[in-house]
Enquirer: 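Sharing a structure, written as structure tokens. Questions coming.
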Amino acid sequence: MSDGSMEQVRVELGDRSYTVFIAPDLFGGGLASSVLEKHLRGRRVLLVADSHTAPLYAERVLSAAKAAGAAFCGSYVIPAGEQNKTFATTEAICCEAVRQGLDRDSVFLALGGGVTTDLTGFAASIYMRGVSFISIPSSLLAMIDAGIGGKTGADLPGGKNLIGTFWQPKAVLMDVSFLRTLPEQERRCGAAELLKHAILFDPDFFARLEETASGFLKFEDPGSVARQIAWSCRLKASVVSGDERESGRRALLNFGHTFGHAAERLMNFTLSHGEAVAWGMAAASDLALDRNLIRVEENVRIRNLIECFGLPLRLPGLSPDAVLESMRSDKKSRAGKIRLILPLGIGKADIFQDIPEERILQAIEAHCD
Ligand code: GLY
């Protein structure tokens with residue numbers, strides 16, 4: 001649904017349903033406060049923002065929260081970066097909430113990239129056995145993926161997102177103007193998850209991305225960027241609505257992630273998540289070709305679009321054996337068997353856990369320099 005320049009996407013989850021609001025300048029006028037009013041009026045609010053995002057946008061979000069009638073608006077800045085996505089940071093958020101007098105009726109606002117929305121959602125889910133939170137993703141990656149769907153969590157030394165909860169936000173607010181300050185590399189990374197949704201679910205969306213990839217990366221037309229984000233959110237929302245806790249179809253969203261997480265881990269997170277996922281999607285598409293699940297021309301289109309978004313098809317300095325070993329210990333593996341999402345053409349995919357490891361290794365080798 002579209003309301004003037006504001007796109008709205010509904011995530012249907014019974015009494016936990018919520019709306020994602022997407023607009024080119026959501027926090028620029030009164031739009032954000034009118035959306036927030038229902039959730040914040042008379043309540044105590046803690047804004048959690050990371051150290052990169054807070055100086056840029058925290059003031060704007062706090063003003064909107066005040067205009068929405070919050071009884072108290074405090075803020076807390078957490079250090080930016082995946083290395084801070086820890087249980088310790090989650091605990092620090094909860095301790096700060098106590099210090100600022102947040103009660104069971106309070107609301108956490110999460111402003112930042114996926115690390116911040118995941119951590120704040122996690123803190124909200126355990127603080128006083130669960131309080132409300134509203135997600136305000138500020139990176140393209142978080143708008144496309146982490147900011148919606150209710151997966152919250154933190155990393156452990158043994159791997160990414162090994163602790164966490166399913167805890168849905170009360171609303172998600174996406175201000176596309178926040179993306180203007182995003183470095184080119186981060187735009188590309190968000191585009192990887194956009195591309196993922198197109199390959200998995202929507203051949204027409206894939207074709208549109210083929211036409212608009214370069215304009216999209218430049219954010220030349222904020223209205224069009226908002227519509228593309230909304231479309232991608234709709235695809236994700238429909239999956240989440242049907243399988244909130246990932247007992248079936250939601251696992252498809254892990255396309256590219258088993259390969260990608262292994263590469264991220266082995267490269268000590270010097271590789272960004274989006275680059276890793278794109279690389280993983282390229283390897284998975286080759287594997288799908290090897291298993292006769294997709295046609296050569298479909299594999300070529302996938303590879304071309306990955307390249308068009310400036311994302312890597314090959315990575316230097318990785319040992320293919322180490323990647324395979326790391327994939328075995330991924331939390332998505334079952335009984336030591338690597339579970340992979342492979343495309344069945346463009347717009348359709350399935351889950352496989354019986355692919356011979358030597359074929360997986362071959363696909364990895366083809367993508368390592
Ligand atoms: N990021 C994948 C999911 O939300 O299920």
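One is the number of the first residue; the rest follow in order along the sequence. Just so you know, these numbers come straight off a predicted model, no measurement behind them. Ligands are counted one by one from 1 in listed order, and the atoms in each one are counted from 1 as well. All values below were derived from every heavy atom in this structure, side-chain atoms included, with hydrogens, water molecules and symmetry-related copies excluded.
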Enquirer: Side chain to side chain donor-acceptor pair (under 3.5 Å) with H39: which residues, sequence neighbours excluded?
Expert: none

Enquirer: Going from CZ on R44 to CG on D103, what distance comes out if it is rounded to the nearest 0.5 angstrom?
Expert: 7.0 Å

Enquirer: Hey, do the aromatic rings of F27 and Y57 have their centres closer than 6.0 Å?
Expert: no

Enquirer: Less than 4.5 Å apart, side chain to side chain, heavy atoms only: is that true for M174 and I148?
Expert: yes

Enquirer: Just list the N/O pairs, ligand 1 to protein, that are under 3.5 Å apart, with the distance for each.
Expert:
from: ligand 1; atom 1: 1 (N); to: D145; atom 2: OD1; distance (Å): 3.0
from: ligand 1; atom 1: 1 (N); to: D145; atom 2: OD2; distance (Å): 3.0
from: ligand 1; atom 1: 4 (O); to: K236; atom 2: NZ; distance (Å): 2.7
from: ligand 1; atom 1: 4 (O); to: R250; atom 2: NH2; distance (Å): 2.8
from: ligand 1; atom 1: 5 (O); to: K151; atom 2: NZ; distance (Å): 2.9
from: ligand 1; atom 1: 5 (O); to: R250; atom 2: NE; distance (Å): 2.7
from: ligand 1; atom 1: 5 (O); to: R250; atom 2: NH2; distance (Å): 3.3

Enquirer: Mind checking what makes ring-ring contact (aromatic ring centres under 6.0 Å, His included) contact with F309, not counting sequence neighbours?
Expert: none

Enquirer: My understanding is that only residues two or more places apart in sequence, or in another chain, count here; which of them pass side chain to side chain donor-acceptor pair (under 3.5 Å) with N304?
Expert: none

